[in-house]
Amino acid sequence: MRKPVRPVLVVIAHGSRDPRHAATVHALVRRVRSLRPGLRVETGFLDFTIPSVPGVLESLAAEGVRDVVALPLLLTRAFHAKADIPAVLRDAPPRLRIRQAEVLGPSPLLLAALERRLYEAGLTPADKSSTGVVLASAGSSDPEAIAVIAEIAREWRHTGWCAVRPAFASASLPRTEDAVRELRDLGCARVAVAPYVLAPGFLPDRIARGAAEADVLAEVLGPAPEVARVLLERYDAARTPALAAVGA
């Protein structure tokens with residue numbers, strides 16, 4: 001019996017005028033490929049950067065590809081996941097069978113990636129009980145997305161940190177610098193800022209400026225191995241019904 005062809009994974013990134021954004025997305029995709037040899041992974045961008053998502057989908061259809069898992073490279077289910085990406089996928093070539101995977105967050109693996117970045121920035125596990133952490137997100141006008149970030153901060157606090165406070169670079173409050181000051185006022189011996197963002201760009205730079213009074217500023221999540229594993233988890237969850245459709 002012929003083994004069914006695995007759906008192509010199309011990673012859908014936001015895009016940015018900042019070249020660091022695309023470079024980081026491509027580094028993450030390379031790590032995903034290294035973890036799953038033989039899986040075809042393509043990358044498309046919603047804006048500013050090529051290749052565009054429609055261009056990638058049209059190219060796949062022209063090659064004769066039938067099954068695609070479209071994975072939003074997003075940490076929360078905000079406007080892009082709920083509106084922009086479904087609209088782009090609805091306009092895809094009709095021969096493609098496309099399943100939209102869930103966004104990356106929340107996930108315990110992402111918390112592990114955040115801690116990895118903090119330790120790479122100089123903290124150690126022994127520092128947790130005396131360190132307050134600002135979970136600094138890009139921000140959103142979507143109340144569901146904001147609530148998710150607040151819940152992640154509450155959960156992360158229970159892993160041993162002195163305190164964890166959410167902050168947002170846009171659309172919502174508090175800002176990173178305000179959360180840093182709040183943690184100082186709480187009496188935390190040191191304050192660290194953990195950007196809950198995937199790639200560099202305008203808003204991550206704003207987070208970094210807001211961290212000026214913090215003791216530690218971690219790097220963005222980027223191509224952390226835990227992030228790559230989340231991508232594959234989301235792909236596997238979405239492809240199961242796709243496999244059933246092709247006779248697996």
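Only this structure's heavy atoms are used, side chains among them; waters, hydrogens and symmetry mates stay out.
Panel note: side chain Ser140, backbone Ile146; no donor-acceptor pair is recorded below 3.5 Å. Although no hydrogens or angles enter the test, the distance criterion places a donor-acceptor pair under 3.5 Å between the side chain of Arg157 and the main chain of Cys162.
Grouped by direct or indirect side-chain proximity (heavy atoms under 4.5 Å, Ile/Leu/Val/Met/Phe/Trp/Tyr only), Leu203 sits with Phe202.
For residues 45-61, there are no side-chain hydrogen bond (donor to acceptor under 3.5 Å, both in side chains) pairs, not counting sequence neighbours. Residue pairs meeting the ring-ring contact (aromatic ring centres under 6.0 Å, His included) criterion with at least one partner in residues 133-185, sequence neighbours excluded, are Trp156-Trp161. Under the ring-ring contact (aromatic ring centres under 6.0 Å, His included) criterion, no residue pair touches residues 101-134, with sequence neighbours excluded. The ring-ring contact (aromatic ring centres under 6.0 Å, His included) pairs that include a residue from residues 38-60 are His26-Phe45, where partners are two or more places apart or lie in different chains.
Applying the salt bridge (charged side-chain N to carboxylate O under 4.0 Å, His left out) criterion to Arg95, with sequence neighbours excluded, gives no partner residue. When the side chain to side chain donor-acceptor pair (under 3.5 Å) test is applied to Arg190, the partners found at least two apart in sequence or on another chain are Ser130, Thr131. With sequence neighbours excluded, no residue forms a salt bridge (charged side-chain N to carboxylate O under 4.0 Å, His left out) with Arg175. Remark: Glu151 pairs with Arg154 by the side chain to side chain donor-acceptor pair (under 3.5 Å) rule, at least two apart or across chains. Every residue two or more places apart in sequence or in another chain was checked for a side chain to side chain donor-acceptor pair (under 3.5 Å) with Arg17, and none qualifies. Listed by chain and number, the residues in a side chain to side chain contact (heavy atoms under 4.5 Å, CB included) with Ala112 are Glu226 (sequence neighbours excluded). Listed by chain and residue number, nothing satisfies the side chain to side chain donor-acceptor pair (under 3.5 Å) test with Glu233 (two or more places apart in sequence, or in another chain).
In this structure, CG in Leu114 is found 11.0 Å from CG in Leu109, a value given to the nearest 0.5 Å.
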